[in-house]
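What you are looking at is a predicted structure, and each value in this text was computed from that prediction instead of being measured.
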Amino acid sequence: MARGIDNLIDALKQSGVDVDDIGAGNGPKKSEGAAGGGASSGSGAASGSRGDMPFQGFPFGGFSFGGGSSDGGNGKPPTVEFASSFGDRMASWSRRTMVIAIIVAILILLAAYWWFHPPISINSPDAWLFVIVFILLPCFLIFRGRSRRYETGDSKLDPNPGKSKAFRVLSFIPVIVLALGLIGWVTSLDLFPGNAEKYANVLRTDTLDFAEDIQEVDYSQIPVIDRDSAILLGNREMGSIPDYVSQFEVDDLYSQINYKGKPVRVSPLGYADLFKWFTNRGEGIPAFALVDMTTQDAEIVRLGEGNGMKYTASEPLARNIDRYVQLKYPFYIFDEKSFEIDEDGQPWWICPVRKYTIGLFGGETVDRVVLCNASTGECEEVSVEDVPQWVDRVYPANLLLRQYNWSGRYQQGWFNSWLGQSGVVQTTPGTDGTLGYNYIAKDDDVWVYTGVTSATADSSIVGFVLIDQRTAESHYYAVAGATEASAMESAEGQVQNLRYTSTFPLLINVANQPTYFMALKDGAGLVKKFAMIDIQRYQNVAVGDTVAECQKSYEVLLATNGAISADDLSNAAQGSDTYKEASGTIRTMAQAVIDGNTHYYVTLEGDDSIYDFVLPGAIQIVAYAVGDEISFSYVANEPTNTVSEITSTKRGAATAATATTGAEGSSSAAASSALGASASSASAATGKEGDVEKTSSSAASAS
């Protein structure tokens, strides 16, 4: 406010108005004489306040930002005295001064509107703030000042009760307008009768089955890095282009989109400073950054000559994208804009138009979209239903999660949301306490993912939700498990000696199991490892140096713990270099129970590997004994190889002889072998690589 007053003083001076004379000679003498008990009191509050006055000469005489009262100790707050003094001084201006002040005020108002460009809409909070500061408050002060002047009179005007009353009535008009705004705000509150149901229905969510709706992950399309890592890669690539790095810098926007079937993040370049803008604005910004989220490849994509981006967020004046689009569509309320590229690599700004459906300021949603070509400034307005397929980010992620939280909170009414809280759910928070979410690619769109937890926000989820950012289609999946924060801590615990930190999890489908996938980064922010965690059994954590290695370890872990069958493991491993076959004579067999699942650990003659047959998937193993011939397929892993399928169709001679003759010697030998091998089963079950060789040796000696 003080800055605005200083600007008004400068404007009056530039218009030729002698502001010193206005403050010294045109003041209301009667009110000055009455303030502070008279002018003869040399140490009175009035004279003391004038000495501390920051705007000396300007018609704010007697006002001070200090702690003392400027009215001779009448106890009025400084803001009240400021308003009264300001209104009185304005009311005492001459007609010529008033006309000049009005012209200057209009110019300042227009300049402020151009600079701040608030939407011209009764539903816009920004518009209300602008009107209050630049229109309602000045009008109130002027009308109140005129009313007081006619009420008391001064050297130029006689008291006039009629005009004083008229201006006093006019001063209530800004108050009434402000009161209407407050009423509109109250009618937008969730506690207003009937509003809770409206909030609950802003976003409609369908409940679906995870395994049927979410396809198994395609690792060629899974984003393995997050936004922070994309920023590092983009900035590093930018530093390798000398002719750009001195003139431009990469904006931190980095929108995630699907580009030619792959998840990527794109961000425009920006002018490095005001001087660089002045020297380069003719050609515009010549390139944008593109980071492949799957391969971690970064590229600075150059636009053709004459196709530079002239409408960006780094433009300070008329071509600033926010100002340009808002002034072009002055009655629209724009939400968070995003930067995207179409399938031809042409940069666009996606500008969603916000719509309020409850009261004046409640029930936000997106009504339509303005697409602005970043190079030419050409704009196209379309409804949400007609948005082109290449557009991915119509609804901002924060808006979608806020809408889902409305439905989770108010589905059974406002009182239930605060008292009983029956069935009340909410999205899981992020690690910094804000909304926690990530993005996945599905059906050539970008979907927002987040977990759903109870109202008490405990460490477990009751399900998760996916919401399409282009269409606002919302799907809920009822899957109980760990929250994202718990999963991140579990993944970090696997590499705690390396002090890696986890990215926010990504939801994927592995063998029809909902799975958290995340990258593990070092202190420099570079991705070093990857982790997969079973959402329902988050003690199942697999870590690998590559995505393929992590996948292999995770699938074996699922099979080992009975989360998936041997057939599922076989199908998942088919075609990979980890899917192998083995055959030979059984040398040792040992049985162990781990986490409620029965495992048979088998070694073969001339083979030091240990093979893990997990029941009930590999139930046929119970028909085999030491000395039998066996063939099977397995997934290679350390320290044990998980068997996916037994391919032999009959037992070997040793077992046949035992079955037909019942020879005690053979039975005893087989039993002794199994009993001796069982001594090593506990060591094999621990999964520690250092125990593998010892286990094989023990089993061989027992045999």
Please walk me through it: do Ser188 and Asn195 pass side chain to side chain contact (heavy atoms under 4.5 Å, CB included)?
CA-CA 7 Å; Ser188 308; Asn195 279 0; 5.5 Å; no
Contact summary for Gly451 and Glu484, nearest pair of heavy atoms:
N-OE2, 2.8 Å
Side chains of Val202 and Tyr410: closer than 4.5 Å at any heavy-atom pair?
no
With the side chain counted from C-beta on, respond yes when Val452 and Thr428 share a heavy-atom pair under 4.5 Å apart, and no when they do not.
no
How long is the span from the CE atom in Met293 to the CD1 atom in Ile257, to the nearest 0.5 Å?
11.0 Å
OH-CG distance between Tyr324 and Asn320, expressed to the nearest 0.5 angstrom:
12.5 Å
Over 12 foreign heavy atoms within 6.0 Å of CD1, Ile122
no
Report, as yes or no, whether the 6.0 Å neighbourhood of atom CD on Glu343 holds more than 12 heavy atoms from other residues, nucleotides or ligands.
yes
Judged by atom type as modelled, is there a donor-acceptor pair below 3.5 Å linking the side chain of Thr279 to the main-chain atoms of Lys276?
yes
So do the side chains of Gln469 and Val448 get within less than 4.5 Å of each other, counting heavy atoms only?
yes
Establish, yes or no, whether the cationic atom of Arg409 lies under 6.0 Å from the six-membered ring centre of Trp414 and within 45° of the ring axis.
no
d(Asn438 CG, Thr503 OG1) to nearest 0.5 Å is 7.0 Å
Closest non-hydrogen contact found for Leu253 with Ser267 is N-OG, 3.5 Å
Quick check: closest heavy atoms across Arg393 and Ile350, and the distance to 0.1 Å?
O-CG2, 3.6 Å
Please check this pair: side chain of Thr187 against backbone of Gly184, looking for a donor-acceptor N/O pair closer than 3.5 Å.
yes
Hey, is Arg470 close enough to Asp445 for a salt bridge, meaning N to O under 4.0 Å?
yes
Just by distance, do the side chain of Arg227 and the backbone of Asp252 share a donor-acceptor pair under 3.5 Å?
yes
So, does Gln412 use its side chain to make a donor-acceptor pair with the main chain of Ser417 at under 3.5 Å?
no
Determine whether the side chains of Thr427 and Thr450 contain a donor N or O and an acceptor N or O closer than 3.5 Å.
no
Validation row: Leu400, Gln403 side chains within 4.5 angstrom (heavy atoms)
yes
Can a donor-acceptor pair be found between the side chains of Trp277 and Glu315 at a distance below 3.5 Å?
yes
Indicate the atoms forming the closest heavy-atom contact of Ser171 with Pro174, along with that distance.
O-CD, 3.3 Å
Shortest non-hydrogen separation from Arg354 to Tyr356 and the atoms involved:
NH1-OH, 2.7 Å
Begin from the C-alpha positions of Tyr254 and Leu290 and carry the test side chain to side chain contact (heavy atoms under 4.5 Å, CB included) through to its verdict.
CA-CA 8 Å; Tyr254 282 93; Leu290 185 149; over 6 Å; no
Under 6.0 Å between ring centres, would you say that holds for Trp349 and Phe339?
yes
Which pairs, with at least one residue in residues 384-405 and sequence neighbours excluded, count as a ring pair (Phe, Tyr, Trp, His ring centres under 6.0 Å)?
Trp348-Trp390
How many angstroms lie between atom CG of Asp251 and atom CZ of Phe288, to the nearest 0.5 angstrom?
14.0 Å
Are Asp206 and Tyr476 close enough that a side-chain donor and a side-chain acceptor fall under 3.5 Å?
no
Using 30° and 60° as the class limits, which term best fits the ring planes of Phe248 and Tyr271: parallel, tilted or perpendicular?
tilted
Which is it for Ile231 and Asn235 under the side chain to side chain contact (heavy atoms under 4.5 Å, CB included) test, yes or no, and what are the steps along the way?
CA-CA 6 Å; Ile231 291 176; Asn235 291 341; 3.5 Å; yes
If the plane angle is over 60° it's perpendicular, under 30° parallel, otherwise tilted; pick one for Phe134 and Phe116.
tilted
CG-OG distance between Leu269 and Ser314, expressed to the nearest 0.5 angstrom:
9.0 Å
Rounded to the nearest 0.5 Å, the OG1 atom of Thr483 sits from the CD1 atom of Ile461 at a distance of 7.5 Å
CD of Gln389: more than 12 outside heavy atoms within 6.0 angstrom?
yes
If you count every heavy atom of other residues, nucleotides or ligands that lies below 6.0 Å from Trp418 atom CH2, does the total exceed 12?
no
Heavy-atom check, side chain of Pro286 versus side chain of Tyr244, under 4.5 Å:
yes
List the atom of Asp335, the atom of Pro396, and the distance in Å for their closest heavy-atom pair.
OD1-CG, 3.7 Å
Side-chain donor-acceptor pairs of residues 361-374 under 3.5 Å, sequence neighbours excluded:
| unit_1 | atom_1 | unit_2 | atom_2 | d |
| --- | --- | --- | --- | --- |
| Arg368 | NE | Glu381 | OE2 | 2.5 |
| Arg368 | NH2 | Glu381 | OE2 | 3.4 |
| Asn373 | OD1 | Gln346 | NE2 | 3.1 |
| Asn373 | OD1 | Ser375 | N | 2.8 |
| Asn373 | OD1 | Thr376 | N | 3.2 |

Would you check if the side chain of Arg319 reaches a backbone N or O of Arg281 as a donor-acceptor pair within less than 3.5 Å?
yes
Are more than 12 heavy atoms, taken from residues, nucleotides or ligands other than Lys355, located less than 6.0 Å from that residue's NZ atom?
no
Evaluate whether atom NZ of Lys163 has more than 12 neighbouring non-hydrogen atoms of other residues, nucleotides or ligands under 6.0 angstrom away.
no
Between Gln426 and Asn405, is any side-chain donor less than 3.5 angstrom from a side-chain acceptor?
no
Do Ser454 and Val424 have side chains that get closer than 4.5 Å, going by heavy atoms?
no
Can you find a heavy atom in the side chain of Leu317 that is under 4.5 Å from one in the side chain of Trp114?
yes
Test side chain to side chain contact (heavy atoms under 4.5 Å, CB included) on Tyr150 and Lys165 and set out the steps.
CA-CA 9 Å; Tyr150 280 111; Lys165 182 179 180 180; over 6 Å; no
State, with a plain yes or no, whether a side-chain heavy atom of Ile333 is found less than 4.5 Å away from one of Val353.
no
Counting distance only, does the side-chain N/O of Ser407 pair as donor-acceptor with the main-chain N or O of Ala200 below 3.5 Å?
no
Is it true that a side-chain atom of Arg148 and a backbone atom of Ser164 form a donor plus acceptor pair closer than 3.5 Å?
no
